[in-house]
**Q** 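A single structure is presented below for examination.
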Amino acid sequence: MELLPRTHPCFFISSASTVLVLTMGSGVDGFTLDPDSSRFLHTLNDIRIPRKGKLYSFNEANYRDFDEPVQRCTARYVGALVADVHNILINGGLYGYPSTRKNPDGKLRLLYECAPMAMIMEQAGGAGSTGHGRVLDVIPSDIHQRTPVFLGSVENVFELDQFYSYYGDEDEEQVSI
């Protein structure tokens, strides 16, 4: 059985309004629920993430357990994947849920958390990385496979990947000792 990520990811976010963000593989659009008609109205056309943003969304409670490259660039965290990713999608920046000592393979699941969000980001002009490569290039071996994930503005994700290239080898040597 071959496992492949979904090809038409979407997410819902609900606060003062309910928003559906969707890609069909050629851009990202947003739809807002009109409570009077119970219909979703097309309110965000061709969402584009800024090339670089100032937001960094990581769970700082795990700071001491993060890989060294991640410890060098952390800041803000809501605590909900969809809310954090939506904020990054609209304002630019970097969302990360890296591996930790307790979860060396990451905590989020590739097929139904990381890959769909990575596709939305890429379709909006952003990027999705594991720190060692593109999220959408990971071939799943298990339906519940976990992976570290970094999502956001292309320049922010590239910068984090550079941290992994520069500092990552040191960490791998320390782990193998």
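The shown structure was predicted, so the numbers you read here are calculated from the model rather than taken from an experiment.
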**Q** Nearest 0.5 Å, what's the CG-SG distance between L81 and C114?
**A** 7.5 Å

**Q** Can you give me the closest heavy-atom contact between G27 and T23, atom names plus distance?
**A** O-OG1, 2.7 Å

**Q** Atom CZ of R109 and atom CG of D142: how far apart are they, to the nearest 0.5 Å?
**A** 10.0 Å

**Q** Taking only residues two or more places apart in sequence, or in another chain, which ones meet T147 in a side-chain hydrogen bond (donor to acceptor under 3.5 Å, both in side chains)?
**A** none

**Q** Closest approach of S99 and P104, non-hydrogen atoms and distance?
**A** CB-O, 3.1 Å

**Q** Between V154 and V149, is there shared hydrophobic-cluster membership here, with clusters defined by ILVMFWY side-chain heavy atoms closer than 4.5 Å?
**A** no

**Q** Who passes side-chain hydrogen bond (donor to acceptor under 3.5 Å, both in side chains) against N103, sequence neighbours left out?
**A** none

**Q** Would L151 and Y97 count as a side chain to side chain contact (heavy atoms under 4.5 Å, CB included) here? Give the steps.
**A** CA-CA 9 Å; L151 305 163; Y97 210 119; over 6 Å; no

**Q** What's the shortest heavy-atom distance between Q145 and I139, and which atoms?
**A** OE1-O, 4.0 Å

**Q** Begin from the C-alpha positions of L94 and V157 and carry the test side chain to side chain contact (heavy atoms under 4.5 Å, CB included) through to its verdict.
**A** CA-CA 7 Å; L94 180 68; V157 174; 3.6 Å; yes

**Q** Let me see the working for T100 and K107 under side chain to side chain contact (heavy atoms under 4.5 Å, CB included), right down to the final yes or no.
**A** CA-CA 9 Å; T100 61; K107 193 167 180 186; over 6 Å; no

**Q** Same cluster or not: Y95 versus F158, using hydrophobic residues (I, L, V, M, F, W, Y) connected whenever any side-chain heavy atoms lie under 4.5 Å apart?
**A** no

**Q** Please check if the side chain of T130 supplies one atom and the backbone of P148 the other of a donor-acceptor pair under 3.5 Å.
**A** no

**Q** Do you know the tightest heavy-atom contact between Y112 and I143?
**A** CE2-O, 3.5 Å

**Q** Side-chain donor-acceptor contacts of residues 44-53 below 3.5 Å, not counting sequence neighbours, with atom names and distances?
**A**
residue, atom, partner, partner atom, Å
R48, NH1, Q123, O, 3.0
R51, NE, E155, OE2, 3.4

**Q** Can you tell me how far CE of M119 sits from CE of M24, rounded to the nearest 0.5 angstrom?
**A** 9.5 Å

**Q** Which residue pairs pass the salt bridge (Lys or Arg N to Asp or Glu O under 4.0 Å) test when at least one of the two sits in residues 34-44, sequence neighbours left out?
**A** none

**Q** When rounded to the nearest 0.5 angstrom, what distance separates CG in D29 from OG1 in T43?
**A** 9.0 Å

**Q** Give me the ring orientation class for F31 and H42: parallel if the planes are under 30° apart, tilted from 30 to 60°, perpendicular past 60°.
**A** parallel

**Q** What heavy-atom pair brings T32 and S17 nearest, and what distance separates the two atoms?
**A** CG2-CB, 4.1 Å

**Q** What is the minimum heavy-atom distance between F150 and G96, and which atoms define it?
**A** CD2-CA, 3.7 Å

**Q** Excluding sequence neighbours, so at least two apart, what forms side-chain contact (heavy atoms from CB on, under 4.5 Å) with S38?
**A** none

**Q** Are L89 and V82 connected in the hydrophobic side-chain network, where two residues link if heavy atoms are under 4.5 Å apart?
**A** yes

**Q** Are the side chains of M117 and V135 in contact, using a 4.5 Å heavy-atom criterion?
**A** no

**Q** Run the side-chain hydrogen bond (donor to acceptor under 3.5 Å, both in side chains) test against R146 and tell me which residues pass, sequence neighbours left out.
**A** none

